[in-house]
Amino acid sequence: MPTSIYSSFCSFIPLTHFSVAFSKLGLVKASSFVSHVAGKNLQLPKVKTSVKSSGPLMLDIFDNCEKESFLGMPVIQEDKPRLEDLSHEKIDTSTFLAGLMPKKEIGADKFLEAYPHCDGRGIVIAILDSGVDPAAAGLQLTSDGSPKILDILDCTGSGDIDTSGVVKEDEDGYIVGASGARLQINKAWKNPSKEWRVGCKFVYELFTESLTSRVKKERKRKWDEQQREALTNALRQLALFDMKHRQTSDSILKKQREELQNRVDILQKLNEIYEDKGPIIDAVVWHDGNFWRVALDTQDMEGSSGLGKLADFTPLTNYRNEHKHGTFTRLDACSFVANIYDNGNVLSIVTDSSPHGTHVAGITAAYHPEEPLLNGIAPGAQLVSCKIGDSRLSSMETGTGLTRALIAVIENSCNLINMSYGEPTSVPDYGRFIELADEVVNKHGVIFVSSAGNNGPALSTVGAPGGTSSSIIGIGAYVSPEMAANAHSMVEPPTQGLQYTWSSRGPTADGDLGVYLSASGGAVAPVPKWTLQRRMLMNGTSMASPCACGGVALVLSALKAKGWPIDPHVVRKALENTAAPVSSNPEEALTTGRGLLQLTK
């Protein structure tokens with residue numbers, strides 16, 4: 001990854017620490033859930049601000065929130081969880097599950113217990129990341145039954161298909177697709193204009209590298225089976241011919257044997273030159289009188305199974321209209337959504353470029369009614385997925401993608417942004433994207449939360465934009481004893497909470513703190529279905545940022561219930577002044593910022 005000035009053309013990488021083993025965790029009964037993870041001994045890796053805090057500040061914003069307890073008590077009293085000694089405690093099932101999706105550390109559990117209807121309802125969070133899988137566990141509905149994901153956008157253009165070519169169906173109801181394939185139109189589809197726009201794309205261009213590798217292996221296995229069968233038959237026919245015709249002086253017999261030998265040679269040569277460039281999908285776009293619609297033909301992906309015909313596809317429209325998605329095949333299990341632009345001339349097929357974005361979205365706002373302990377921080381919040389990780393660039397992103405994402409934030413009236421991306425920069429608080437981020441925060445009142453970086457423990461390792469931008473709240477990664485014991489399976493967890501050693505530190509090059517706040521930096525959260533897992537353990541400031549973002553969503557939900565205006569600077573100052581110190585050492589402020597986010601102070 002190049003180190004460059006943070007400008008509109010710079011690139012980023014996801015800030016996720018993948019050194020910890022992944023855990024295959026699903027929505028299952030607690031007993032089997034515990035037994036599935038128990039015994040894994042995973043090892044832990046051993047503020048710049050434009051609003052200065054001058055003293056304690058407590059916003060009494062919860063008086064009118066609906067409560068189940070703490071009536072008449074706007075402030076929830078609690079002990080400091082990071083300082084608890086857990087060596088004498090027996091870890092029960094609830095404690096174990098709570099350690100997989102940490103809420104206690106920032107006080108979210110007691111906040112939600114006291115104010116259950118201030119769980120993020122009415123708050124829209126933009127997830128600027130690698131894309132979110134709408135089929136992932138917990139990302140379908142909010143706690144009040146509303147759609148969890150309002151819109152899913154590919155800001156990179158990596159899934160765009162040119163559908164400007166127009167064709168008309170013949171008398172038999174067929175058209176010729178962009179790939180040259182003859183495609184049958186479903187007679188039930190409404191198309192007043194009788195014009196069908198066509199395009200095509202290699203499906204591997206829509207997949208991640210790991211998914212492409214898995215699909216290629218399975219396709220190669222099937223190819224090998226067919227090839228072995230074909231080669232065996234060819235060799236058998238040649239052997240039978242030689243046994244039957246020991247003398248091949250006859251010209252006809254010679255030609256017959258030569259044909260059999262050539263067949264064997266070709267089949268053997270095909271094994272040597274085998275290359276899988278991937279199947280092609282045909283896309284057909286039309287206007288039904290109300291919306292633009294799209295259908296895909298995936299027969300090339302299904303082989304000879306007879307599945308994937310265009311006429312059998314359930315048409316999709318722009319995701320924001322109907323909140324529907326599709327899956328290519330059962331083999332890849334890759335979810336996708338469609339968006340159609342420019343009067344049908346451009347089709348955007350949106351897939352994720354890594355599991356990172358779905359995991360981040362799950363920490364922020366996943367809702368699991370069957371197992372509330374696995375909920376995200378703000379299960380009532382709604383999301384807008386802005387894919388900034390370009391599939392063509394191994395999930396890196398460009399200034400164009402970032403700019404489009406910020407436009408989407410404004411168009412969707414988002415209250416919060418989470419961006420768990422970043423990289424080193426030589427010049428802090430600089431660049432076109434920073435100018436746009438400042439405008440989004442200061443002009444439109446959006447609160448911008450981002451990861452501080454995973455390059456600690458050295459000084460001045462905070463990355464851009466999270467740790468070096470005055471309008472963005474940079475978050476460091478904290479680990480509690482519960483997280484160490486449950487998520488990381490440490491035999492002897494620390495007796496007190498502390499910062500992950502790899503969490504980046506300030507100060508910035510212009511002398512500011514670099515890290516604003518800290519939050520839990522690890523979780524077992526939902527991942528895309530194509531991973532063939534329901535959940536995965538990841539840790540990094542990429543996980544701390546959505547934890548903090550979800551916490552801020554709870555505060556904003558309470559403000560909205562109260563009817564108070566949301567001012568990003570007032571909220572930020574309140575969060576900084578009520579944060580709990582992680583360490584008594586003054587120099588640790590360069591790592592932890594103002595301290596551990598506390599929602600109940």
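Looking only at side-chain heavy atoms (C-beta outward), T351 and W530 stay at 4.5 Å or farther from each other. Considering only heavy atoms from C-beta on, I472 stays 4.5 Å or farther from M419 through its side chain. With a 4.5 Å cut-off on side-chain heavy atoms, K148 and T142 count as touching. The side-chain heavy atoms of I417 and L406, taken from C-beta on, include a pair separated by under 4.5 Å. Residues M101 and V524 are not in side-chain contact: their nearest non-hydrogen atoms beyond the backbone lie 4.5 Å or more apart. In this structure, the side chains of K573 and V570 stay at 4.5 Å or more apart for every pair of heavy atoms. Looking at D352 and V132, their side chains never come closer than 4.5 Å, going by heavy atoms from C-beta outward. By the 4.5 Å heavy-atom criterion applied to side chains, S557 and Y115 are not counted as neighbours.
Between the side chains of D144 and H117, no donor-acceptor pair is found at a separation under 3.5 Å. Under the 3.5 Å distance criterion, with hydrogens and angles disregarded, no donor-acceptor pair is assigned to the side chains of T461 and R505. Side-chain contact annotation: Q382 with S146, donor-acceptor N/O pair under 3.5 Å absent. Side-chain contact of H356 with S395: a donor-acceptor pair under 3.5 Å is absent, judged by distance alone. Side-chain contact of D133 with T358: a donor-acceptor pair under 3.5 Å is absent, judged by distance alone. For the residue pair Q533 / T531, no side-chain donor-acceptor distance below 3.5 Å is found, with atom types taken as modelled.
Summarising the geometry, atom CG belonging to L153 is positioned 11.5 Å from atom NZ belonging to K387; distances are rounded to the nearest 0.5 Å. For the atom pair CG (L150) and CG (L383), the distance works out to 8.0 Å, reported to the nearest 0.5 Å. To the nearest 0.5 Å, atoms SG (C155) and CG (L128) are separated by 7.0 Å. Rounding to the nearest 0.5 Å gives a distance of 13.0 Å between NZ of K103 and CD of E482. Distance check, rounded to the nearest 0.5 Å: CG of N412 to CD1 of I125 gives 13.0 Å. Distance check: L554 CG to C549 SG gives 10.0 Å after rounding to the nearest 0.5 Å.
With hydrogens and angles disregarded, no donor-acceptor distance shorter than 3.5 Å links the side chain of D512 to the backbone of T508. Side-chain atoms of S420 do not come within 3.5 Å of backbone N or O of S451 as any donor-acceptor pair. Between the side chain of N539 and the backbone N or O of G522 there is no donor-acceptor pair closer than 3.5 Å. Listed for the S130 side chain is a donor-acceptor partner under 3.5 Å among the backbone atoms of G357. Proximity of a side-chain donor or acceptor of T364 to a complementary backbone N or O of V360 within less than 3.5 Å is detected. Looking only at distances, no side-chain donor or acceptor of E105 sits under 3.5 Å from a matching main-chain atom of S520. In this structure, the side chain of T541 engages the main chain of G453 through a donor-acceptor pair within 3.5 Å. With hydrogens and angles ignored, the 3.5 Å screen pairs no side-chain donor or acceptor of T600 with any backbone N or O of G107. Between the side chain of K104 and the backbone N or O of G99 there is no donor-acceptor pair closer than 3.5 Å. Between the side chain of H359 and the backbone N or O of A523, at least one donor-acceptor pair lies under 3.5 Å.
When all heavy atoms of G595 and A579 are compared, the pair lying nearest together is C-CB, 3.8 Å. When every heavy atom of N418 is checked against every heavy atom of P546, the shortest pair comes out as OD1-N, 3.2 Å. Residues M543 and I363 share a closest heavy-atom pair of CG-CD1, 3.5 Å. Across all non-hydrogen atoms, the minimal contact from V409 to A126 is CG2-CB, 3.6 Å. The two residues A574 and T578 have their closest heavy-atom pair at O-OG1, 2.7 Å. Of all the heavy atoms in G497 and P481, the pair that sits closest is N-CD, 3.8 Å.
Under the rule for a salt bridge (charged side-chain N to carboxylate O under 4.0 Å, His left out), the partners of R121 that lie at least two apart in sequence or sit in another chain are D119. With sequence neighbours excluded, no residue forms a side chain to side chain contact (heavy atoms under 4.5 Å, CB included) with S584. In this structure, E209 has no salt bridge (charged side-chain N to carboxylate O under 4.0 Å, His left out) partners at least two apart in sequence or on a different chain. Checked against side chain to side chain contact (heavy atoms under 4.5 Å, CB included), N415 has the following partners two or more places apart in sequence or in another chain: I123, V124, L556. Remark: F448 engages no residue in a ring-ring contact (aromatic ring centres under 6.0 Å, His included) (not counting sequence neighbours). With sequence neighbours excluded, the residues forming a salt bridge (charged side-chain N to carboxylate O under 4.0 Å, His left out) with D390 are R392, listed by chain and number.
Summarising the local packing, CD of E587 is surrounded by more than 12 heavy atoms from other residues, nucleotides or ligands at distances under 6.0 Å.
Ring geometry, Y500 versus W502: the interplanar angle falls under 30°, so the pair is classed parallel (tilted spans 30 to 60°).
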Next on the checklist: The test is side-chain contact (heavy atoms from CB on, under 4.5 Å); show your working for S583 and T592 and say whether it passes.
Outcome noted: CA-CA 8 Å; S583 172; T592 64; 5.7 Å; no
Checklist entry - Hey, mind stepping through V582 and Q496 against side-chain contact (heavy atoms from CB on, under 4.5 Å) and telling me if it holds? => result CA-CA 9 Å; V582 176; Q496 295 183 356; over 6 Å; no
Checklist entry - Can you check side-chain contact (heavy atoms from CB on, under 4.5 Å) on L436 and L402, steps first, answer last? => result CA-CA 10 Å; L436 295 175; L402 289 168; over 6 Å; no
Next on the checklist: For T156 and S391: C-alpha separation, side-chain torsions, deciding distance, then whether side-chain contact (heavy atoms from CB on, under 4.5 Å) applies.
Outcome noted: CA-CA 8 Å; T156 70; S391 299; 5.9 Å; no
